Amino acid sequence: MTRPPLTSDFARWNPSVTPLCGNLLKGRSYCLAVAGEPVPPRTTASSSAETSSTTSSSTTTSKTSSSTTSTVATTTTPNNGIRTPEPTQPGLVSNCNKFHLVKRGDNCAEMAASNGISLEDFMTWNPRTGKGCAGLWANAYACVSIIGRDASKQSDQAPSGPSPTQPGIAKDCKAYYRLQSGDTCQSIADSYGTFALDDFAKWNPAVGAECRSLWVSYHVCVGVPGTPSTKPSRPLPVQPGIRKGCDKYHKAVSGDGCQALASKYDIKLDDL
């Protein structure tokens, strides 16, 4: 079903156009629909449903008031008897019985924490969210509970350590860092030198795929069992198979070439 794009969608699909529809050029063609995107629910001036918990015999919906245009979801009832709001995240499990309307800017770890579930469960129930939660769709419902789940047995507790911590932090975290204004994921990894940027992202999934969710004054994980306690003599990460006796390093950047590096450091290409 084809539907007219929202202004925000139009700008996202056509990045040369500004959010307020500036730079629209006469005679150019622009994208008006993307295959696989959910059809947004109808809108009215009434309140909007955010989290909906359903069973085969009843529906409980929590709402937040709004004085402007807001979302009103439609529902379907599949064979399991659960009334399901629409649209939903692609690939959502069929036995879901509680739903959360994703807003622009939400991330998987925060939604998991706010609904008292583990990040692993959230990713399992919403499998198309993808690595780093990059596949999460705004204005579509995500699953935050399934039929038969016992909330009292939730095991994804934050590790013992300082508080507060960002949601989804590694359970086996052994070392923490309190975030300060101006920190970036790369600056933290560089400052410790005992782990790679990928390790930091894995231990702190709430930071997001592009590290845009570092919360000042919250604690993040900077070490798990096996992480070196002192900064190694060489930087991380390094090229696989690098010689152990190396005592000088170059951090490769886009556009670097072997011959250019050999010339820059006055070494033989074969040695490099």
Side-chain angles (χ1 to χ4, degrees), residues 1-15 19 30-43 48-56 59-64 69-149 156 167-168 201-202 205-213:
M1 174 179 171
T2 302
R3 46 87 172 177
L6 301 173
T7 302
S8 57
D9 289 334
F10 184 83
R12 178 162 55 87
W13 300 335
N14 302 277
Y30 294 90
C31 179
L32 298 178
V34 175
E37 292 241 355
V39 177
R42 301 188 308 273
T43 59
S48 62
E50 289 190 349
T51 303
S52 176
S53 176
T54 65
T55 65
S56 58
T59 302
T60 303
T61 306
S62 60
K63 299 183 178 181
T64 57
T69 300
S70 55
T71 301
V72 175
T74 58
T75 61
T76 60
T77 305
N79 294 334
N80 61 12
I82 299 297
R83 297 184 63 188
T84 303
E86 293 183 337
T88 59
Q89 300 292 323
L92 183 140
V93 292
S94 61
N95 60 339
C96 184
N97 67 348
K98 186 178 180 182
F99 306 86
H100 180 97
L101 181 60
V102 179
K103 296 180 179 178
R104 198 169 299 279
D106 284 348
N107 71 54
C108 297
E110 290 177 17
M111 282 187 290
S114 67
N115 285 283
I117 60 176
S118 69
L119 181 60
E120 290 79 6
D121 281 343
F122 183 88
M123 304 295 279
T124 299
W125 302 337
N126 304 275
R128 297 278 291 279
T129 50
K131 183 179 179 181
C133 200
L136 191 67
W137 288 358
N139 303 316
Y141 284 88
C143 182
V144 291
S145 186
I146 58 173
I147 298 172
R149 171 179 173 266
D156 186 50
K202 180 172 64 177
V207 302
E210 298 180 355
C211 194
R212 293 183 177 179
S213 296

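Positions are given from 1, in the same order as the sequence printed here. Just so you know, these numbers come straight off a predicted model, no measurement behind them.
Between W125 and R149, the closest heavy-atom pair is CH2-CD, 3.5 Å. Counting all heavy atoms, side chain and backbone alike, P87 lies closest to N139 at CG-O, 3.4 Å.
Residues passing the side chain to side chain donor-acceptor pair (under 3.5 Å) test with S145, sequence neighbours excluded: N97. In this structure R128 satisfies the side chain to side chain donor-acceptor pair (under 3.5 Å) test with no other residue, sequence neighbours excluded. Partners of A206 under the side-chain contact (heavy atoms from CB on, under 4.5 Å) rule, at least two apart in sequence or in another chain, are A109, Q166, P167.
Distance check, rounded to the nearest 0.5 Å: CG of N126 to CE of M111 gives 7.5 Å. Q89 contributes atom CD, which lies 11.5 Å from atom CZ of F99 (distance to the nearest 0.5 angstrom). Note that the CG atom of L92 and the CD1 atom of I146 stand 11.0 Å from one another [nearest 0.5 Å]. To the nearest 0.5 angstrom, K103 atom NZ is 13.5 Å from L136 atom CG. Taken from OG in S94 to CD1 in I82, the straight-line distance is 10.5 Å, to the nearest 0.5 Å.
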Open item on the list: Walk me through whether N115 and F122 qualify under side-chain contact (heavy atoms from CB on, under 4.5 Å).
Closed with: CA-CA 10 Å; N115 285 283; F122 183 88; over 6 Å; no

